S.K.: 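The structure that follows is given in the form of C-alpha cells.
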2 protein chains.
Amino acid sequence: MPGIDEVAQLAGVSTATVSRALSGRGHVSPATKERVAAAASELGYVVSSSASGLATGRTRNVGVVIPFLNRWFYGAVIEGAQRRLLSHGYDLTLYNLSGGGDERRSVFEHFLLRKRVDAVIAINLELTPDEVTRLLDIDKPVVGVGGPLTGVRTLSIDDVEVSRLATEHLVSLGHRRIAHIGGDVEDERDFHVPTNRREGYEAALEAVGIPVDPTLYAPCDFTLQGAYHAAKQLLGSPRNRPTAVFAASDEMAIGTILAARDMGLRVPDDLSVIGIDDHELAEFFGLTTVAQFPELQGELAVEILMDQLHPENRAHGSLNTPLPYELVVRGSTARHDPRAR
Amino acid sequence: MPGIDEVAQLAGVSTATVSRALSGRGHVSPATKERVAAAASELGYVVSSSASGLATGRTRNVGVVIPFLNRWFYGAVIEGAQRRLLSHGYDLTLYNLSGGGDERRSVFEHFLLRKRVDAVIAINLELTPDEVTRLLDIDKPVVGVGGPLTGVRTLSIDDVEVSRLATEHLVSLGHRRIAHIGGDVEDERDFHVPTNRREGYEAALEAVGIPVDPTLYAPCDFTLQGAYHAAKQLLGSPRNRPTAVFAASDEMAIGTILAARDMGLRVPDDLSVIGIDDHELAEFFGLTTVAQFPELQGELAVEILMDQLHPENRAHGSLNTPLPYELVVRGSTARHDPRAR
DNA sequence: ATGAAAGCGCTAACAT
DNA sequence: ATGTTAGCGCTTTCAT
C-alpha cells in the first residue's frame with residue numbers, strides 16, 4: 001500500500017501537487033500531471049478514503065436505505081443507482097430495513113451519522129420529520145424515491161394516475177365488472193401505495209359512471225401467493241364474477257393469471273388481467289401492464305444527488321420530479337365479449 | 001455535529017477516555033464510562049468513521065461483491081450478510097458486477113483498495129489469483145461464498161452432492177427417464193455450477209445403472225423462461241418423453257411445471273419435477289426441492305469474516321466450510337406410475 | 001505552477 | 001484508571 005509521498009517522490013514533486021494532479025482540483029501543468037499519473041499507476045496507488053474523507057469531509061460514498069431487498073423492484077432500483085454511482089466514482093452502502101423497527105432506529109441514529117456517507121437515497125420510505133431533520137442538519141443531501149417527502153428532493157410516480165390509466169385501459173376494452181386486487185392497508189410502510197392505487201382505480205370507474213362495487217375489491221399482501229388466493233375468491237363468485245382484474249403489481253397479476261388458469265378460465269378470453277411494473281416475468285406471461293422503470297429511477301436519483309452535492313445548485317425545500325410510466329399492452333387483456341360465459 | 005472533545009468536556013474527562021469508554025478498548029471505571037455515555041448521547045455524538053478509520057486502519061465496513069443483484073439467491077445472501085453485519089456494528093458496501101468486465105476491473109483495482117472496507121465477501125465469484133493477491137496483500141481478509149478459491153476461506157455447497165440427492169430422489173420413486181434442465185456452460189461466471197450439477201445428476205444415474213441419455217439433457221439460461229422453453233422441447237418428444245425432470249434451480253423447475261401444464265401434463269401424475277434452492281415461490285408451486293439456505297450463507301460468511309478480522313485466529317490458506325442442504329419433499333414429485341401415459 | 005505546513009477528528013502508546 | 005501527545009494520510013490554505 002503505497003502512500004501519497006511515495007508517489008510524490010517517484011514523480012519528483014510535492015504531495016500537494018500529487019493531490020492536485022490526481023483530484024483535478026487546482027492548477028497543475030499537463031506535464032507534471034502526466035508524470036504523477038504515471039507514478040501513481042506504477043505504484044498502484046489509490047487514495048485512502050479515510051484520510052481523504054477526514055481532510056475534506058467528503059467520503060464519495062452514498063447510503064441507500066430500502067425497506068426490503070427481496071423484491072424485484074428494489075433490486076432493480078439499487079442496480080440502477082449502483083451503476084450510476086460507480087461511474088461517478090462513488091460507492092454505495094446499503095441499509096436494508098426489513099429487519100424491523102429497532103434496526104431502523106439504529107440505522108438512522110448511528111450508522112448514517114458517522115460520516116460514512118455524503119448523502120442518502122431513501123427508497124419508498126416515508127421518513128419521519130425527525131429522520132429528515134437529522135440528516136439535513138448535518139448537511140447530508142437526501143433524495144427520496146417513491147413519494148413526497150417534506151423538505152427533501154424526491155422522485156415519484158403518480159400512483160393514482162398509473163392506476164387510473166390501467167383501469168381506463170380495461171374500461172376502454174368494454175369491461176365494466178372490473179375487480180381490483182390491491183395491497184393491504186395494514187402494511188403501508190411505503191407511501192400509501194395501496195391506497196393511491198385503489199383511488200386511481202375508483203376514480204377511473206367513477207369517471208365513466210361505473211359504480212364502485214366493494215365486493216370487487218380484494219386486499220392482500222402484495223405477493224404472488226396472496227393475489228392467487230384473493231383472485232380465487234373473486235373468480236369463484238358465481239354471480240358477480242369480474243370480467244377483468246386490475247392488480248396492483250405484476251407479481252399479483254401473475255398470481256391472478258395462475259388462479260384463473262386453475263379455475264379453468266382463459267386469459268384474456270374469459271378474464272382480462274393488467275398489472276403494474278413491467279416485471280421481468282411480465283413478458284413471459286404476456287401480461288399487459290403499466291411499466292415503471294425502476295433502474296431508471298435509481299439512476300435518476302443518483303443524478304439528482306450529484307447535483308445536490310455541489311452546493312451551488314443545491315435546491316432547498318421539497319421538489320418533486322415526476323417519474324415516467326407507460327402502458328404496455330400484451331396479451332392478457334382483450335375486449336370484453338358479452339357472449340363469453 | 002459535536003466532536004469528541006465536546007463530549008470530553010461535558011463529561012469532564014480527556015478525549016482519550018472518551019474514546020476508550022465508547023469503544024470498550026482499555027480500562028475505564030464504570031462510573032466514568034457511564035458519564036461519558038450520557039454526555040455522548042446528550043450531544044448526539046457519533047464517531048467519525050473517517051477519523052477513526054484513519055487512526056486505526058479499520059473501517060467497520062465490509063465490501064460485498066456479487067455478480068448479479070436481480071436474482072432471488074443473491075438478494076437473500078445479502079440480506080443475511082447485512083443483518084449479521086449490522087449486529088456487529090459493521091456497514092455493508094455493495095459492489096454489483098452485473099455491468100460487465102470493465103466494471104469488474106475498476107472495482108478490484110480502485111474501489112476495493114481505497115481503504116473503505118476492512119474485508120471482502122465475494123459471492124459466487126471465481127476471483128482470479130491476481131484479484132485475490134491484491135486483496136490479501138493489503139491484508140484484507142476475503143471470504144468466498146460458493147466455491148473453492150485458492151488462498152481464501154470459503155463456504156460452499158457441494159453442488160455435485162446436491163444434484164445427486166435430487167436425482168436419487170427421483171430414482172427412488174421409480175423414475176428412469178429423468179431429464180435434466182441445466183445451465184448453459186457458456187455463462188459460467190460462477191463456479192461451474194451448471195457443470196457440477198450435471199455431474200451429480202449423471203453420477204446418480206450411473207450409480208443405479210441407468211445410462212445417461214444426452215437427449216434428456218437440456219441446457220438453457222438459468223431463468224424461468226429459458227427452462228420453460230427447454231422443457232417444452234423435452235416434453236414434446238413423442239417417443240422419449242421423460243417421466244421426471246431435475247431442474248438446476250427452482251425458477252427453472254417452476255418454468256418446467258408451467259410448460260408441463262401448458263402441454264396438458266399433470267404434475268406429478270404425468271411428470272415429477274424437482275429443483276434446487278427452496279425459492280420463495282417453491283412452496284406456492286408445491287415444488288419438491290433441495291433447499292440451500294442463502295440467508296444463512298450470508299450470515300455464516302460474516303461470522304467467518306469476523307473471526308478473520310481478529311488476527312489471532314486468522315486461518316491462512318484455503319479452508320472450505322461445507323454448506324448445509326436439505327431435501328424438501330412437496331407435491332411435485334411422486335412415484336412413477338408405469339400405467340400413466 | 002508548485003511547495004511547506006497546518007490541520008481534519010480520532011486512537012494508542014506512553015506517562016502518571 | 002486517566003491524561004498527554006504524536007501520529008494516521010490526505011487536502012488546502014498560504015507562500016513563493
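Because the structure is predicted, anything quoted here is derived from the model rather than measured. Naming convention: chains lettered A, B, ... in sequence-line order (proteins, then strands); numbering from 1 in each chain.
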S.K.: Identify the 5'-most and 3'-most nucleotides of DNA chain D with at least one atom closer than 4.0 Å to a non-hydrogen atom of chain A.
M.R.: D:dG9 to D:dT13
S.K.: Can you tell me the distance, in whole Å, between the CZ atom of B:Arg25 and the C1' atom of C:dA12?
M.R.: 10 Å
S.K.: For DNA chain D, which residues in residues 37-48 of chain B have a heavy atom at a distance below 4.0 Å?
M.R.: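 Of all residues in residues 37-48 of chain B, none places a heavy atom under 4.0 Å from DNA chain D.
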S.K.: Would you mind checking if A:Asp91 and B:Arg114 are paired as a salt bridge, meaning a charged N to carboxylate O distance below 4.0 Å?
M.R.: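 Yes, charged N to carboxylate O under 4.0 Å.
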S.K.: Tell me, which pairs form a side-chain hydrogen bond (donor to acceptor under 3.5 Å, both in side chains) where one or both residues lie in residues 293-302 of chain B, sequence neighbours left out?
M.R.: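 The answer is B:Arg83-B:Glu295, B:Arg83-B:Glu299, B:Arg84-B:Glu299, B:Gln292-B:Gln297.
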S.K.: Please list, chain by chain and in numerical order, all residues satisfying side-chain hydrogen bond (donor to acceptor under 3.5 Å, both in side chains) with B:Thr32, sequence neighbours excluded.
M.R.: B:Ser29
S.K.: Using distance alone, with no hydrogens and no angle criterion, decide if B:Asn96 and B:Ser98 have a side-chain donor and acceptor under 3.5 Å apart.
M.R.: yes
S.K.: Nearest whole angstrom, please: distance from the C1' of C:dC10 to the CZ of B:Arg60.
M.R.: 14 Å
S.K.: Less than 3.5 Å apart, any donor N or O on the side chain of B:Tyr325 or B:Asp158 sitting next to an acceptor on the other?
M.R.: no
S.K.: Round to the nearest Å and state the distance from B:Glu6 atom CD to C:dC10 atom C1'.
M.R.: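 Going from CD in B:Glu6 over to C1' in C:dC10 covers 14 Å.
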S.K.: Taking the six-membered ring of B:Phe73 as reference, does the cationic atom of B:Arg71 (NZ for Lys, CZ for Arg) lie under 6.0 Å from its centre and within 45° of its axis?
M.R.: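 Geometry flag: not set, cation outside 6.0 Å or 45°.
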S.K.: Count the heavy atoms of every other residue, nucleotide or ligand shown that sit under 6.0 Å from CD of A:Glu303, and state whether that count exceeds 12.
M.R.: yes
S.K.: Output the rounded distance in Å from CG (B:Asp5) to C1' (C:dG7).
M.R.: 13 Å
S.K.: With a 4.0 Å limit, can you tell me whether A:Arg114 has a side-chain N or O closer than that to the phosphate oxygens OP1/OP2 of C:dG9?
M.R.: no
S.K.: Among side-chain atoms of A:Asn124 and A:Tyr74, is any donor-acceptor pair under 3.5 angstrom?
M.R.: yes
S.K.: Which comes earlier along DNA chain C counting from the 5' end, the contact point of B:Val18 or that of A:Ala55, where each point is its nearest nucleotide?
M.R.: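 Taking each residue's closest nucleotide, the earlier one in sequence belongs to A:Ala55.
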S.K.: Can you name the atoms? Protein N/O to nucleotides 2-6 of chain C N/O, anything below 3.5 Å, with the distance.
M.R.:
residue	atom	partner	partner atom	Å
C:dT2	OP1	A:Ser29	OG	3.3
C:dT2	OP1	A:Thr32	OG1	3.3
C:dT2	OP2	A:Ser29	N	2.8
C:dT2	OP2	A:Thr32	OG1	2.9
C:dG3	OP2	A:Ser14	N	2.7
C:dG3	OP2	A:Ser14	OG	3.1
C:dG3	OP2	A:Thr17	OG1	2.8
C:dG3	N7	A:Arg20	NH2	2.7
C:dG3	O6	A:Arg20	NH1	3.2

S.K.: What is the separation between atom CG on A:Leu54 and atom P on C:dT11, rounded to the nearest whole Å?
M.R.: 11 Å
S.K.: Can you list every side-chain hydrogen bond (donor to acceptor under 3.5 Å, both in side chains) pair that touches residues 35-52 of chain B, not counting sequence neighbours?
M.R.: none
S.K.: Do A:Arg134 and A:Asp137 sit within salt-bridge range, that is, some charged N less than 4.0 Å from a carboxylate O?
M.R.: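 Looking at A:Arg134 and A:Asp137, the cut-off is not met.
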S.K.: Of all heavy-atom pairs between B:Asp118 and B:Leu309, which one has the smallest distance, and what is that distance?
M.R.: O-CD1, 4.2 Å
